[in-house]
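Working notes, structure below.
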Amino acid sequence: MSTTLTTPHAGTGVARFLDACHGRTPDATPIWFMRQAGRCLPDYRALRTRYDMLTLAKTPDLCAAVTLMPVREFDVDAAVIFADIMVPLEGMGVDLEIEPSIGPIIHNPIRSRADVERLRLIDPAEDVAFLLDAIRLVRRELEGHKAVIGFSGSPFTLACYMVEGGPSRDYGLAKSFMYREPQAWHALMDKLASVITCYLQAQITAGADVVQLFDSWVGALSPADYARYVQPHVRRIFDTLAGAGVPTIHFGTGAASLLELMAAAGGDVISVDWRVSLDDAWARIGADRGIQGNLDPTRLLAGWDVTLEGARDVLRRAGGRPGHIFNLGHGVLPATDPALLRRLVEYVRETSARGSAMEERL
Ligand code: CP3
């Protein structure tokens with residue numbers, strides 16, 4: 001059962017965030033950044049000289065400290081737990097490491113039906129106890145102030161890494177496995193969907209106010225292939241989580257052609273990137289859903305004026321309608337100046353504050 005039974009106070013980050021997720025009018029548009037914890041923060045870089053990324057994620061007090069860094073630094077409305085989408089896979093029997101600036105590397109990739117069968121289901125209380133402890137620590141710190149976001153990779157994005165053995169441009173190995181061995185593929189998706197569901201449920205029980213499913217590489221699929229090979233498994237995750245009592249966010253990139261199918265698979269909020277206009281995307285997913293996004297993160301590399309122009313356009317397209325969560329279309333890039341993120345949070349909060357003079361001008 002969820003621990004989010006108290007009604008948050010109006011004007012807090014958590015109230016703002018949950019209002020937007022539930023389609024109520026928040027006092028200002030909530031804002032946070034994917035990949036806010038980490039690479040662009042000097043304090044994070046300093047910690048990384050002593051510990052590798054997975055050690056940070058697996059040590060609850062360090063994980064909590066890194067999770068809280070961007071909340072203090074940027075005053076965002078939500079903390080996203082510092083982990084990686086790879087974290088639940090180790091308990092399934094996946095042998096992995098995270099290579100700095102490259103990404104996850106898997107030493108025993110999945111290439112056959114027998115490989116799929118060897119994968120175990122996880123027991124979150126055993127296999128990811130460190131993560132649940134970190135959520136409890138963060139929750140205690142932020143309770144009543146900021147939202148705590150739990151997350152997981154989606155079956156497709158995780159399967160891409162598991163089959164490829166690492167990052168890939170075209171997902172040739174993963175997609176050819178999908179086409180050539182559809183039964184083994186569905187068995188893999190099914191196992192991942194079960195693991196992801198209980199992993200997210202455990203995060204909710206530990207205190208996550210909202211959970212996000214990252215389908216970062218879903219844009220590699222045609223609509224017909226998504227509907228056939230992926231959507232039923234994602235739908236099962238969201239259908240099961242619907243009873244968990246917390247809102248869900250469904251994120252994809254390069255997924256402009258899949259928006260209706262992703263929305264049909266589930267999620268109270270659909271997170272879109274900059275390749276689609278926010279107002280067009282919202283019309284397509286339906287006004288009954290919330291929307292998250294969708295500033296191009298590379299705008300921040302070009303300075304404040306370019307960032308401001310993009311942020312203004314996102315807010316104008318959202319049009320002050322309830323249900324918008326301001327975010328980048330994808331993660332913060334490591335070269336981003338943290339001062340610009342802070343300024344962006346201030347700008348969005350002031351401009352979107354209900355009744356503000358700036359809101360009138362948008
Ligand atoms: O701040 C946060 O959002 C919380 C932590 C978080 C990390 N990874 C930490 C991390 C989250 C939510 C993720 C999700 C994740 N990881 C995704 C989905 C989101 C997305 O960006 O599409 C994906 C695809 C991964 C896989 C991954 N992990 C890659 C491709 C990389 C390396 C490239 C990179 O971005 O640096 C990682 C490593 C990783 N995960 C780092 C961090 C802070 C960098 C670790 C380091 O060297 O310090």
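Just follow the structure's listing: the first ligand is 1, and inside any ligand the first atom is 1. Predicted, not measured: the structure shown is a model, and the values here were computed from it.
Side-chain atoms of Trp32 and Gln292 include a donor-acceptor pair closer than 3.5 Å. Of the N and O atoms on the side chains of Thr253 and Asp273, not one donor lies less than 3.5 Å from an acceptor on the other residue. Gln36 and Glu73 form no side-chain donor-acceptor contact under 3.5 Å, judged by distance and modelled atom types alone. Defined by atom type and a distance below 3.5 Å, a donor-acceptor pair is missing between the side-chain atoms of Tyr179 and Trp185. With 3.5 Å as the limit, one finds a donor-acceptor pair spanning the side chains of His186 and His233. No donor-acceptor contact under 3.5 angstrom links the side chains of Arg321 and Thr25, judged on distance only.
The closest approach between any non-hydrogen atom of Leu56 and ligand 1 is not below 4.0 Å. Under the 4.0 angstrom criterion for non-hydrogen atoms, Tyr161 is in contact with ligand 1. Under a 4.0 Å heavy-atom criterion, Pro104 is in contact with ligand 1. For Gly331, the heavy-atom gap to ligand 1 stays at 4.0 angstrom or more.
Set against the non-hydrogen atoms of Val80, the atoms of ligand 1 under 4.0 Å away are 1 (O), 2 (C), 3 (O), 4 (C). Within the listing of ligand 1, atoms 43 (C), 45 (C), 46 (C), 48 (O) sit less than 4.0 angstrom from a heavy atom of Tyr44. Short contacts between ligand 1 and Ser216, defined as distances under 4.0 Å to a heavy atom of the residue, involve ligand atoms 18 (C), 19 (C), 20 (C), 22 (O), 24 (C). Listed by number with element, the atoms of ligand 1 under 4.0 angstrom from any heavy atom of Arg48 are 46 (C), 47 (O), 48 (O). Interface atoms of ligand 1 facing Ile98, defined by a heavy-atom separation under 4.0 Å, are 38 (C).
At least one N/O-N/O distance between Ala37 and ligand 1 falls below 3.5 Å. For ligand 1, the polar-atom distance check against Arg39 finds a nitrogen or oxygen pair separated by under 3.5 Å. The shortest N or O to N or O distance between Ser101 and ligand 1 is not below 3.5 Å. Ligand 1 has no N or O atom lying under 3.5 Å from any N or O atom of Trp217, backbone or side chain.
With salt bridges taken as basic N to acidic carboxylate O contacts below 4.0 Å, none links Arg275 and Asp296. In this structure, Lys146 pairs ionically with Asp75, as a charged nitrogen and a carboxylate oxygen lie closer than 4.0 Å.
What sits closest to atom 31 (C) of ligand 1 on the protein, heavy atoms only, is Gly103 CA, 3.5 Å. The nearest heavy-atom contact from the protein to atom 11 (C) of ligand 1 is Phe151 CZ, 3.6 Å. Here the heavy atom of the protein found nearest to atom 3 (O) of ligand 1 is Arg35 N, 2.7 Å.
Nearest to atom 40 (N) of ligand 1 by heavy atom, out of Leu54, Val66, Leu213, Asp84, is Asp84. Comparing Met53, Met69, Met86 against atom 41 (C) of ligand 1, the shortest heavy-atom distance belongs to Met53.
For the salt bridge (charged side-chain N to carboxylate O under 4.0 Å, His left out) criterion with Asp27, the lone passing option out of Arg16, Arg349, Arg354 is Arg16.
Counting heavy atoms closer than 4.0 Å to ligand 1, residue Ala83 contributes backbone atoms (N, CA, C, O) but none from C-beta onward. Under 4.0 angstrom from ligand 1, there are no non-hydrogen atoms of Thr253. In His330, the part holding a heavy atom less than 4.0 Å from any atom of ligand 1 is the side chain.
Annotation: the span from Asp84 atom CG to Ile98 atom CD1 amounts to 3.5 Å, rounded to 0.5 Å.
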Show the numbers, then the answer: is there a side chain to side chain contact (heavy atoms under 4.5 Å, CB included) between Met86 and Tyr161?
CA-CA 9 Å; Met86 295 294 128; Tyr161 284 110; 3.2 Å; yes

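Within 6.0 Å of atom CZ in Arg228, 12 or fewer heavy atoms from other residues, nucleotides or ligands are found, so the atom counts as exposed in its surroundings.
Between Trp282 and His324, the angle of the ring planes lies from 30° to 60°, which puts this pair in the tilted group.
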